[in-house]
Amino acid sequence: MVSVANNETISKRLVDARLSAAPLTDFPGSVPKTLEQAYAIQAASIARWPDELAGWKVAGMSNADRERFSAQRLAGPVFRSSIRRTEPGSRTKAPVYEGGFAAIEAEIVLELGTAVQPIDRNYTDEELIELVSAVYCGAEVASSPMAVVNERGATSVIADLGNNAGVLVGPEIPGWQSLPPNTLAVAVTVDDNLVGDAIVESITGNPLQALRFLIEHCAAHGIVLPAGTFISSGALTGVHDVGIGSVTRIDYGTYGYIEAVFERIAGRL
């Protein structure tokens, strides 16, 4: 059995690396063998982080991790200062860890219109839709001081605050509940090179199921989801590497686009 003290030690090393913006050559200690331990480290790091929790990212696991852990998705925290509302025609700054891992992911972002208490209950799709006040074209800024964070698997990602460094919230998608299937397209470029594109089958499909997963996850861990919580619901076109100075454009066609430039995260220690 892994001790609380061991989890706290790993959490402190992960958080200190982020606060000092110092690269980590590898996971600081033994990579958690269970989801329970990984989320315990994550919870300790959320408590350590000097910012307010304001959202969550949801991501799919690799096929190997799905089989290993009998789970489809994972969750990680998003902090208030790392949520950036973008404006049409402007270029948003997206800080990432130099010498670590840095990527951009086009994602549908949901905003909760009502608080969700950590209660063990089943929600219908209709009830989930009612919880959402708005849906946005968005993106996750995935970054960690540890360049090999993804290579070490799902528990590494979970423990390291979900490998998240922010969420970009772009144009709102009106009438998303009744949007015809396969009508929302997204294309991602990095430094003017197309790196991924996709057709979103339905916002009431995978993004809504990501919300279902998050609600169940938070219920199991006693976490309240307040009204106004932002949820980045999973990569649409893949995970696209970026570097300091790279410029990305996430184009959602008639709904608008997001443009961001990646800069070095400055240490806080």
Side-chain angles (χ1 to χ4, degrees), residues 54-60 73 76 78-97 100-111 132 134-144 150 157 162-176 179-211 229-265:
W56 292 87
K57 58 85 60 79
V58 175
R73 294 178 169 92
V78 179
F79 297 101
R80 179 74 63 192
S81 64
S82 70
I83 296 176
R84 293 171 172 80
R85 303 294 294 260
T86 67
E87 297 295 334
S90 66
R91 183 174 289 178
T92 302
K93 293 180 179 179
V96 294
Y97 291 98
F101 179 87
I104 189 71
E105 305 173 22
E107 306 204 4
I108 298 298
V109 176
L110 314 177
E111 183 177 10
V132 178
V135 172
Y136 304 91
C137 304
E140 180 191 1
V141 180
S143 190
S144 162
N150 283 348
V157 172
N163 186 22
N164 178 264
V167 169
L168 307 180
V169 181
E172 186 173 353
I173 303 173
W176 61 273
L179 196 67
N182 302 315
T183 57
L184 179 63
V186 58
V188 181
T189 59
V190 175
D191 297 330
D192 295 324
N193 297 310
L194 179 66
V195 293
D197 57 6
I199 302 294
V200 181
E201 183 178 353
S202 171
I203 295 174
T204 56
N206 282 332
L208 199 67
Q209 297 316 308
L211 173 59
T229 296
F230 287 100
I231 298 137
S232 195
S233 61
L236 300 173
T237 66
V239 180
H240 310 297
D241 292 343
V242 297
I244 305 300
S246 291
V247 175
T248 187
R249 182 182 174 102
I250 303 102
D251 195 335
Y252 284 88
T254 58
Y255 292 95
Y257 66 89
I258 295 168
E259 195 166 272
V261 58
F262 298 92
E263 61 179 22
R264 181 178 64 85
I265 287 181

Q: Give the minimum heavy-atom separation between L236 and A198, together with the two atoms involved.
A: O-CB, 3.5 Å
**Q.** Residue pair D191, T189: steps toward the side chain to side chain contact (heavy atoms under 4.5 Å, CB included) verdict
**A.** CA-CA 6 Å; D191 297 330; T189 59; over 6 Å; no
Q: Scan V132, V135, L208 and name whichever one has a side-chain contact (heavy atoms from CB on, under 4.5 Å) with I203.
A: V135
Q.
Tell me whether the count of non-hydrogen atoms from other residues, nucleotides or ligands lying under 6.0 Å of CG in N182 goes above 12.
A. yes
(Q) Could you tell me if N206 and E201 have a donor-acceptor pair between their side chains, going purely by distance under 3.5 Å? (A) no
Q: Answer yes or no: is there a side-chain heavy-atom contact under 4.5 Å between L110 and T229?
A: no
Q. Hey, which of I104, I244, V247 is the one that makes side-chain contact (heavy atoms from CB on, under 4.5 Å) with F262?
A. I104
Q: Over all heavy atoms of both residues, which pair between F230 and V109 is shortest? Give the atoms and the distance, please.
A: CD2-CG1, 3.8 Å
Q. Which residues pass the ring-ring contact (aromatic ring centres under 6.0 Å, His included) test with F79, sequence neighbours left out?
A. W49
Q: For atom CZ of R85, decide whether the heavy atoms of other residues, nucleotides or ligands shown that lie under 6.0 angstrom number more than 12.
A: yes
(Q) Contact between N163 and F101 at the side-chain level, heavy atoms closer than 4.5 Å - yes or no? (A) yes
Q.
Testing the 3.5 Å rule here: is there a donor-acceptor pair between the side chains of S233 and E107?
A. no
**Q.** Residue pair V167, V141: steps toward the side chain to side chain contact (heavy atoms under 4.5 Å, CB included) verdict
**A.** CA-CA 6 Å; V167 169; V141 180; over 6 Å; no
Q) With distance as the sole test, does R84 use its side chain to make a donor-acceptor pair with the main-chain N or O of K93 at under 3.5 Å? A) yes
Q) Where do V169 and T86 land on the side chain to side chain contact (heavy atoms under 4.5 Å, CB included) test, with the steps shown first? A) CA-CA 6 Å; V169 181; T86 67; over 6 Å; no
(Q) If I take atom CD from residue E111 and atom CD from residue E172, how far apart are they, to the nearest 0.5 angstrom? (A) 8.0 Å
Q) Do Y257 and P171 touch side chain to side chain, with heavy atoms closer than 4.5 Å? A) no
Q | Working for side chain to side chain contact (heavy atoms under 4.5 Å, CB included), residues V188 and D197 | A | CA-CA 6 Å; V188 181; D197 57 6; over 6 Å; no
Q. About how many Å separate CD1 of I250 and OG1 of T237, when rounded to the nearest 0.5 Å?
A. 8.5 Å
Q. Mind checking whether V78 and S232 have side chains closer than 4.5 Å, heavy atoms only?
A. no
Q: Give the minimum heavy-atom separation between V239 and A103, together with the two atoms involved.
A: CG1-CB, 3.5 Å
Q. Could you give the distance from CG (D192) to OG1 (T248), rounded to the nearest 0.5 Å?
A. 10.0 Å
Q.
Whether the side chain of S143 engages the backbone of Y97 through a donor-acceptor N/O pair (distance < 3.5 Å, no angle test) should be reported.
A. yes
Q: Rounded to the nearest 0.5 Å, what's the gap from OG on S82 to CD on E140? Could you check?
A: 9.5 Å
Q | Side-chain heavy-atom pair V186, D251 within 4.5 angstrom cut-off | A | no
Q) Nearest heavy-atom pair of G196 and H240: which atoms, and what distance? A) CA-CE1, 3.9 Å
**Q.** Validation row: L184, Y252 side chains within 4.5 angstrom (heavy atoms)
**A.** yes
Q | Heavy-atom pair of closest approach, residues A142 and E105 | A | CB-OE2, 3.6 Å
(Q) If I take atom CZ from residue R249 and atom CZ from residue R91, how far apart are they, to the nearest 0.5 angstrom? (A) 10.0 Å
Q | Closest approach of I258 to A139 (non-hydrogen atoms, all atoms of both residues) | A | CD1-N, 4.3 Å
